[in-house]
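This report refers to the structure that appears directly beneath it.
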There are 2 protein chains.
Amino acid sequence: MRVSRVKALENREQILETAARLLRKHGFEGIGVADIMKAAGLTHGGFYRNFASKDDLAVKASERAIANTTALLKNGLAQKPKDPLRALIEGYVSSAHRDDPGSGCILPALAVDAARSDDPALRAVFITAIQGYLDQIAKLPSANPGAAGSRHPAAILSEMVGAVILSRVIADDPLAESLIAAVVADIAGPSPENKSAEE
Amino acid sequence: MRVSRVKALENREQILETAARLLRKHGFEGIGVADIMKAAGLTHGGFYRNFASKDDLAVKASERAIANTTALLKNGLAQKPKDPLRALIEGYVSSAHRDDPGSGCILPALAVDAARSDDPALRAVFITAIQGYLDQIAKLPSANPGAAGSRHPAAILSEMVGAVILSRVIADDPLAESLIAAVVADIAGPSPENKSAEE
DNA sequence: CATGTTGCATGACGACCATCATCTATCAGA
DNA sequence: TCTGATAGATGATGGTCGTCATGCAACATG
């Protein structure tokens, strides 16, 4: 079953995108090569012509996932230049992000799996991702020049990641919504529409 | 190979403690029943006389892990009644906790695995654990009655959990230490010994 | 148009896994 | 002391997994 070169490239793309989604959803050990290939519309046979191993796929798919979400992030922030920190947090710490790990940030989805791995290449990908987030947050104009002061980017990122993970555990429990609301307010301050009621 | 009743109880305890440690270290899918039993000094044969399934063990071992760490927590806090929030954070967001997931809090270790699970019993255990932490934090005398104000417990817990997870990813990188320091200072304020240099 | 090349399907292999059946040696109660 | 009960060892089973060998059909080059 040979296929044209452009089709072969499309297939590889499809494998990468599918893997990026399924690995985030099920974890590195929660889904197998055969299932990923099947979801990509192929059989498991051609896998090792595209990737050296499942670990190799994990690295490439993680890089792809990061690239996709950072692109989304930049687009989202560019459209809301007024309060970028709030825009970031409201998108990140949200029920939509909680309910769709397959197309969300890799940190709440896979950081724990990466921490358990002893593959240096995989860890490097995640370290770079963390650094990227920290740099992005540091560049954000401090949205809270007042009482709360401007916090260290590592503190903000930790809170974002932890909030998404905890909200995924409690998921359908009403507690999840209040947790999300509390964290958004904690980082970005009280929501603008309620601001007049403050002080 | 029958064994006395007290010995049988000891064995069950040993399985639980070993499982609580190894599951936190490797994740629910990262270690098997046979390896847990071997580490507990037994063979895999007697497992199903003690537990209904591996999922059942995951529930019981998670409960055990929570009981152990909350006991440690209460002891630690009782010995430092001056600034309990700081004591909590300095113990939780620390390189010691980062480097030993096997005897640490289950939330950074296993919450992601629990979120992926569809076992209601397992999820219930983790929801209870989160609630317990939130209640404990809420009861803590607000250590920052000043500028930073008293934050929502969910915000503090999210930051704690996220910080430990991220620090485990970057582990040996020097970035890990600065992340820990930044988060501790963010939650508990500047460390007391440096306090005179503040303001 | 001819032919060597190659992407992918089929299928198999060995390792590992959760689970269970069976056996046996020892304990606990009479 | 005798005997039924049982904790745990041994071993097997069916399933899943990552990985690879082989074969084929279609492409790209001449």
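Protein chains get the first letters and strands the later ones, always in sequence-line order, with residue 1 at the start of each.
Between Glu29(A) atom CD and dC17(D) atom P there is a gap of 12 Å when expressed in whole angstrom units. Between His44(B) atom NE2 and dC23(C) atom P the separation is 16 Å, expressed in whole Å. Distance Leu42(A) CG to dT6(C) P: 19 Å, rounded to the nearest Å. Spacing between atom CD1 of Ile31(B) and atom P of dC16(C) amounts to 13 Å, rounded to whole angstrom units. Atoms CG (Asp35(A)) and C1' (dT19(D)) sit 16 Å apart, rounded to a whole Å. A straight line from CZ of Phe47(B) to C1' of dT22(C) spans 19 Å, rounded to a whole angstrom. Atom P of nucleotide dC17(C) and atom CG of Leu23(B) are separated by 13 Å, given to the nearest angstrom. Distance Lys38(A) NZ to dT10(C) P: 11 Å, rounded to the nearest Å.
The residue among Val6(B) and Gly30(B) whose nearest nucleotide of DNA chain C is located toward the 5' end is Gly30(B). Closest-nucleotide positions on DNA chain D for Arg12(B) and Ala52(A) were compared, and the one nearer the 5' end corresponds to Arg12(B).
In this structure, of dT6(D), dC20(D), dT10(D), it is dT6(D) that holds the atom nearest to the side chain of Arg49(B). In the set dT19(C), dC27(C), dG18(D), the nucleotide with an atom closest to the side chain of Lys54(B) is dT19(C). Closest to the side chain of Val3(A), out of dG7(C), dT19(D), dT10(C), is dG7(C). Closest to the side chain of Thr43(A), out of dA9(C), dT19(D), dA7(D), is dA9(C).
With no hydrogens or angles considered, no side-chain donor-acceptor pair links Asp56(B) and Ser53(B) at under 3.5 Å.
In this structure a side-chain-to-backbone donor-acceptor pair under 3.5 Å is missing from Arg98(A) to Arg168(A).
The shortest distance between the side-chain N/O atoms of Arg2(B) and the OP1/OP2 oxygens of dA25(C) is not below 4.0 Å. Look at Tyr48(A) and you'll find a side-chain N or O under 4.0 angstrom from OP1 or OP2 of dT19(D). Between Arg5(A) and the phosphate of dT29(D), there is a side-chain N or O to OP1/OP2 separation shorter than 4.0 Å.
Arg24(A) has no carboxylate O lying under 4.0 Å from a charged side-chain N of Asp113(A), or vice versa, which leaves the two without a salt bridge. Residues Glu159(B) and Arg151(A) are paired through a salt bridge, judged by an N-O separation under 4.0 Å between the basic side chain and the carboxylate. Under 4.0 Å is where a charged nitrogen must lie from a carboxylate oxygen, and between Arg116(B) and Glu29(B) no such pair does.
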